[in-house]
Amino acid sequence: MNPRWAGFTAPFRWLIDAFDVGRHQPAVVVGAIIAAALVGFLPSVPPQLMTAAGSPPGMPVQVLFQAIALIVGIAVSPVLVAGVYGIIDGAERGQPVAVAQITDGFRDGRWGSLALLTVLAYLLMAGVATVMVVTMAAVAGLETLQSVQQWSEQVMALNAQAQASGSPIKPDAMPPLPEGLGGALAVILAFLPLWGLIGIGSGWALVSVALRG
């Protein structure tokens, strides 16, 4: 390895270049990003519309749309995101690109790798979440976790009532904070760097599959 002096302003140039990835064929790049984001957002639209119309969906409907969102998140969105990376790479190389290329992963054999990568990332996050909860129980106590869960459910119920009535939650209606919440928050903060590492690693892996196969 041969280290080289990059100069004091190099990180700022890199940051500007990172924000300027769409300078080549910007209409196609931005259109591809918007299309991929909209597809990932679609499963959450019907429940929100039902809530806005004054008829919040019941638990079976919520579970159904959560399942649809999970399927889209595993089998569709990773392919579209990989397609966006391919479009950006092609535009940077001066190649002609089109928004329709976001679906190339369904045709060129990358779908299985992208879906498997996403499943592995979900499993890793589930494993880390389990370890975090066990650590919270050991540090703060199981009773504290139960109190935090009950407090969260009460807050969610108040939010649902506020959305249904169209009026904000009154401060005196908020349930008191559970005891031992500080210990649970300390564990969450301690795990934040690991969550960040998992997010960066998963994103890097997706880029690698998208651009390098």
Side-chain angles (χ1 to χ4, degrees), residues 11 14-15 18-19 36-37 39-45 47-48 51 56-78 80-82 85 113-164 167-210:
W14 298 336
L15 184 61
F19 279 104
V39 171
F41 181 69
L42 280 178
S44 64
V45 172
Q48 293 180 3
T51 302
M59 183 58 64
V61 177
Q62 293 182 14
V63 172
L64 173 62
F65 281 101
Q66 288 175 358
I68 294 175
L70 179 62
I71 294 173
V72 171
I74 291 175
V76 180
S77 289
L80 302 183
V81 173
Y85 289 139
S113 298
L114 293 167
L116 177 60
L117 171 64
T118 306
V119 170
L120 292 176
Y122 283 176
L123 292 176
L124 177 60
M125 288 186 283
V128 172
T130 301
V131 173
M132 186 176 69
V133 171
V134 172
T135 305
M136 290 172 60
V139 172
L142 187 59
E143 294 182 355
T144 298
L145 290 186
Q146 293 174 346
S147 299
V148 171
Q149 180 181 3
Q150 294 174 357
W151 178 81
S152 301
E153 292 175 351
Q154 293 173 358
V155 173
M156 291 174 62
L158 288 174
N159 284 328
Q161 293 176 3
Q163 291 179 359
S167 58
I169 302 175
K170 296 181 179 179
D172 55 355
M174 289 292 294
L177 294 175
E179 296 182 0
L181 183 62
L185 291 177
V187 174
I188 293 175
L189 292 176
F191 272 80
L192 282 181
L194 181 56
W195 284 114
L197 183 62
I198 292 173
I200 294 173
S202 300
W204 183 261
L206 184 63
V207 172
S208 299
V209 174

Listed by chain and number, what are the side chain to side chain contact (heavy atoms under 4.5 Å, CB included) partners of L185, not counting sequence neighbours? L181, I188
Sequence neighbours excluded, the answer for side chain to side chain contact (heavy atoms under 4.5 Å, CB included) partners of S113 is V209
Shortest non-hydrogen contact between [X] and [Y], atoms and distance:
{"X": "L80", "Y": "A36", "answer": "CB-CB, 3.9 Å"}
{"X": "Q48", "Y": "F41", "answer": "OE1-CZ, 3.9 Å"}
{"X": "M132", "Y": "W195", "answer": "SD-NE1, 3.7 Å"}
{"X": "P78", "Y": "L206", "answer": "O-CD1, 4.0 Å"}

Using 0.5 Å steps for rounding, measure from the [atom1] atom of [X] to the [atom2] atom of [Y].
{"X": "Y122", "Y": "L117", "atom1": "OH", "atom2": "CG", "answer": "10.5 Å"}
{"X": "S77", "Y": "I71", "atom1": "OG", "atom2": "CD1", "answer": "12.0 Å"}
{"X": "M136", "Y": "L142", "atom1": "CE", "atom2": "CG", "answer": "11.0 Å"}

Does a sphere of radius 6.0 Å around CD in Q62 hold more than 12 heavy atoms from other residues, nucleotides or ligands, not counting ones at 6.0 Å or beyond?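 Atom CD in Q62 is packed in, count exceeds 12.
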Within a strict 4.5 Å, meaning less than it, do heavy atoms of the P193 and L197 side chains meet?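 They are not in contact (no side-chain heavy atoms under 4.5 Å apart), so the answer is no.
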Contact check, side chains of L42 and V72, non-hydrogen atoms, under 4.5 Å: no
